[in-house]
Amino acid sequence: MSLELLTIARRVAVQAGELAKQRRYEGVEVAASKSSPVDIVTEADRETERLIRSLLADARPDDGFFGEESDASSSTSGLHWIVDPIDGTVNFLYGIPHYAVSIAVVEGEPDPLTWRALAACVVNPASGEVFTATEGGGSFVGDMPLQVAEPVELSQALVATGFAYDSEMRGRQGAIAAQLLPEVRDIRRLGTASLDLCFVASGRLNAYFERTLSPWDHAAGALIAREAGARVSGLNGEAPSKRFIIAAEPSVADRLEARLIELGV
Ligand code: IPD
Ligand code: CA
Ligand code: CA
């Protein structure tokens with residue numbers, strides 16, 4: 001079942017990635033701002049979500065849909081598709097080749113505190129990388145299995161994070177990052193949460209943490225990182241949520257989470 005769902009997720013994500021890449025090539029403009037003046041949406045975000053939604057409705061008419069750019073629809077099958085049509089929209093707008101289409105299918109309601117992720121695909125159209133996972137089936141980039149990096153001390157850890165669109169929250173996040181920076185190898189702010197999680201899965205980052213993510217930002221990447229051996233969770237073993245997400249090799253996650261709690265995350 002999960003493999004059939006993955007086949008659909010991959011086909012739809014790749015096709016949506018081709019559309020986003022074409023729109024990027026043609027030129028991109030801001031269509032509107034959302035929660036704050038720097039939280040923007042382009043026509044390509046909306047068009048890509050419309051395409052994903054119609055392809056999923058054709059393939060899986062009984063499943064629910066929960067995406068960033070349109071209203072949710074309920075499920076009669078018990079499954080929901082969690083979709084970020086373009087994750088990393090600011091990179092997309094500026095032409096930085098690091099954005100993604102993120103699609104996951106979950107059992108249960110579209111709530112990360114209770115859902116069970118079954119299959120996931122994250123595509124970076126600019127690099128051509130296709131990350132996938134199924135529950136219990138491991139995770140892959142293309143056909144290559146993924147494995148998190150070996151354990152390291154925090155002083156050797158390359159850590160990614162992200163910042164909210166809300167200016168006051170950003171200030172607080174920046175203060176914590178400033179205190180952490182002297183204690184780790186370095187910090188990255190790559191701008192695409194789904195790819196941050198895939199990079200933890202690939203061993204390209206030792207750890208990733210963020211506050212204020214929405215369900216569509218992490219639904220697919222969390223399964224991909226977990227299936228590569230990462231601990232992906234919220235604070236104190238909770239499920240990841242808007243409050244907090246951390247992903248890393250388990251002993252690195254333990255050390256980083258403990259330090260972040262001391263720093264008041
Ligand atoms: C954003 C990106 C970014 C993260 C933000 C997200 P969007 O998603 O994933 O890396 O730091 O919290 O909102 O707005 O580009 O879809
Ligand atoms: Ca996003
Ligand atoms: Ca988005």
Side-chain angles (χ1 to χ4, degrees), residues 13 16-17 19-21 23-24 28-53 65-72 81-104 110 112 120-126 131 159-174 176-177 187-201 204-205 207-222 224-225 232 234 240-247 265:
L19 174 65
K21 190 176 172 183
R23 292 295 177 262
R24 178 54 253 173
V28 175
E29 281 173 28
V30 174
S33 57
K34 300 196 281 185
S35 64
S36 87
V38 291
D39 181 7
I40 51 98
V41 60
T42 75
E43 197 41 54
D45 294 74
R46 294 169 175 162
E47 193 189 354
T48 306
E49 181 152 318
R50 282 197 295 273
L51 173 68
I52 294 169
R53 198 169 183 150
F65 182 88
F66 190 76
E68 181 169 19
E69 310 298 350
S70 56
D71 292 339
W81 293 84
I82 316 295
V83 170
D84 194 340
I86 299 182
D87 188 28
T89 292
V90 175
N91 285 348
F92 181 72
L93 176 69
Y94 279 74
I96 296 172
H98 189 81
Y99 59 93
V101 176
S102 174
I103 299 181
C121 182
V122 173
V123 172
N124 177 351
F131 297 90
V159 179
T161 190
F163 303 115
Y165 290 117
D166 174 72
S167 155
E168 195 200 320
M169 169 58 80
R170 241 173 214 217
R172 280 187 269 145
Q173 290 172 313
I176 287 175
I187 291 183
R188 295 286 181 267
R189 196 299 189 238
L190 298 171
T192 304
S194 58
L195 289 174
D196 290 329
L197 289 158
C198 292
F199 280 20
V200 169
R204 296 175 188 170
L205 292 168
Y208 162 69
F209 72 95
E210 187 157 350
R211 292 190 63 180
T212 76
L213 284 192
S214 295
W216 46 77
D217 295 315
H218 62 80
I224 292 165
V232 184
S241 70
K242 213 168 191 77
R243 171 75 182 85
F244 184 71
I245 184 170
I246 187 166
V265 79

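Note that the structure is a prediction, hence the values are computed from the model and not measured. All ligand and atom numbering here is 1-based and tracks the order in the structure. If you read the sequence from its start, that first residue is 1, and numbering goes on from there.
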Could you report the tightest heavy-atom contact between [X] and [Y], atom names first, then the distance?
X	Y	value
Gln173	Phe163	OE1-CA, 3.3 Å
Val122	Ala220	CG2-CB, 3.7 Å
Lys21	Pro125	CD-O, 3.5 Å

| request: Decide yes or no for Thr212 and Asp166: does some side-chain heavy atom of the first lie under 4.5 Å from some side-chain heavy atom of the second? | output: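 In short, these two side chains do not touch, never coming nearer than 4.5 Å.
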| query | Relative to the ring of Phe66, is the ring of Trp216 parallel (under 30°), tilted (30 to 60°) or perpendicular (over 60°)? | reply |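 Answer is tilted, since the angle falls between 30° and 60°.
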| Would you call the rings of Phe131 and Phe199 parallel, tilted or perpendicular if under 30° counts as parallel and over 60° as perpendicular? |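 Correct class here is tilted.
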| message | Restricting to N/O/S atoms, is Asp87 within less than 3.0 Å of the Ca ion (ligand 2) or not? | response | yes
Determine, considering heavy atoms only, which of [options] sits nearest to [atom].
atom	options	answer
atom 13 (O) of ligand 1	Tyr99, Tyr165, Phe92	Tyr165
atom 10 (O) of ligand 1	Gly191, Gly221, Gly88	Gly191
atom 5 (C) of ligand 1	Glu210, Glu68, Lys34	Glu210

Could you check whether any side-chain N or O of [X] sits under 3.5 Å from a backbone N or O of [Y], counting only pairs where one atom can act as donor and the other as acceptor?
X	Y	value
Asn91	Tyr99	no
Asp217	Lys242	no
Glu69	Asp45	no

Considering the heavy atoms of [X], write down every atom of ligand 1 situated less than 4.0 Å from one of them.
X	value
Gly162	11 (O)
Phe163	11 (O)
Arg189	3 (C), 4 (C), 10 (O), 11 (O)
Thr192	9 (O), 10 (O)
Ala193	2 (C), 9 (O), 10 (O)
Asp84	16 (O)
Leu213	12 (O)
Ile86	16 (O)

| query | Would Thr212 count as a contact of ligand 1 if the rule is a heavy atom under 4.0 Å away? | reply |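 The answer is no: ligand 1 sits nowhere under 4.0 Å from a heavy atom of Thr212.
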| said: Can you tell me if, anywhere in Glu69, an N/O/S atom lies at a distance from the Ca ion (ligand 3) that is smaller than 3.0 Å? | reply: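 So Glu69 does not bind the Ca ion (ligand 3) by this criterion.
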| Would Ile86 count as a contact for the Ca ion (ligand 3), in the sense that one of its N, O or S atoms lies under 3.0 Å from it? |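 Within the cut-off used here (under 3.0 Å), Ile86 does place an N, O or S atom near the Ca ion (ligand 3).
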| field | Protein contact to atom 8 (O) of ligand 1 [nearest heavy atom, distance to 0.1 Å] | value |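 Looking only at protein heavy atoms, the one closest to atom 8 (O) of ligand 1 is Asp87 OD1, 3.0 Å.
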| query | For atom 6 (C) of ligand 1, which protein heavy atom lies nearest, and how many Å away is it? | reply |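 Answer for atom 6 (C) of ligand 1: Asp217 OD1, 3.9 Å.
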| message | With nothing but distance in play, are any N or O atoms of Thr89 less than 3.5 Å from an N or O of ligand 1? | response |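 Between Thr89 and ligand 1 (N or O atoms, distance only) the closest approach is under 3.5 Å.
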| salt bridge (Lys or Arg N to Asp or Glu O under 4.0 Å) between Arg50 and Glu47, intermediate numbers included | CA-CA 5 Å; Arg50 282 197 295 273; Glu47 193 189 354; 5.5 Å; no
| query | Can you give me the OD2-the Ca ion (ligand 2)-OD1 angle for Asp84 and Asp217, to 10°? | reply | 100°
| field | is_close_aromatic(Tyr208, His218), centroid dist under 6.0 Å | value |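 Ring centroids of Tyr208 and His218 are no less than 6.0 Å from each other.
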| request: Using only N, O or S atoms, tell me which atom of Glu68 is closest to the Ca ion (ligand 3). | output: OE1
| request: Would you check if there is a donor-acceptor pair between the side chains of Ser194 and Asp87 at a distance under 3.5 Å? | output: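 There is such a pair between these side chains.
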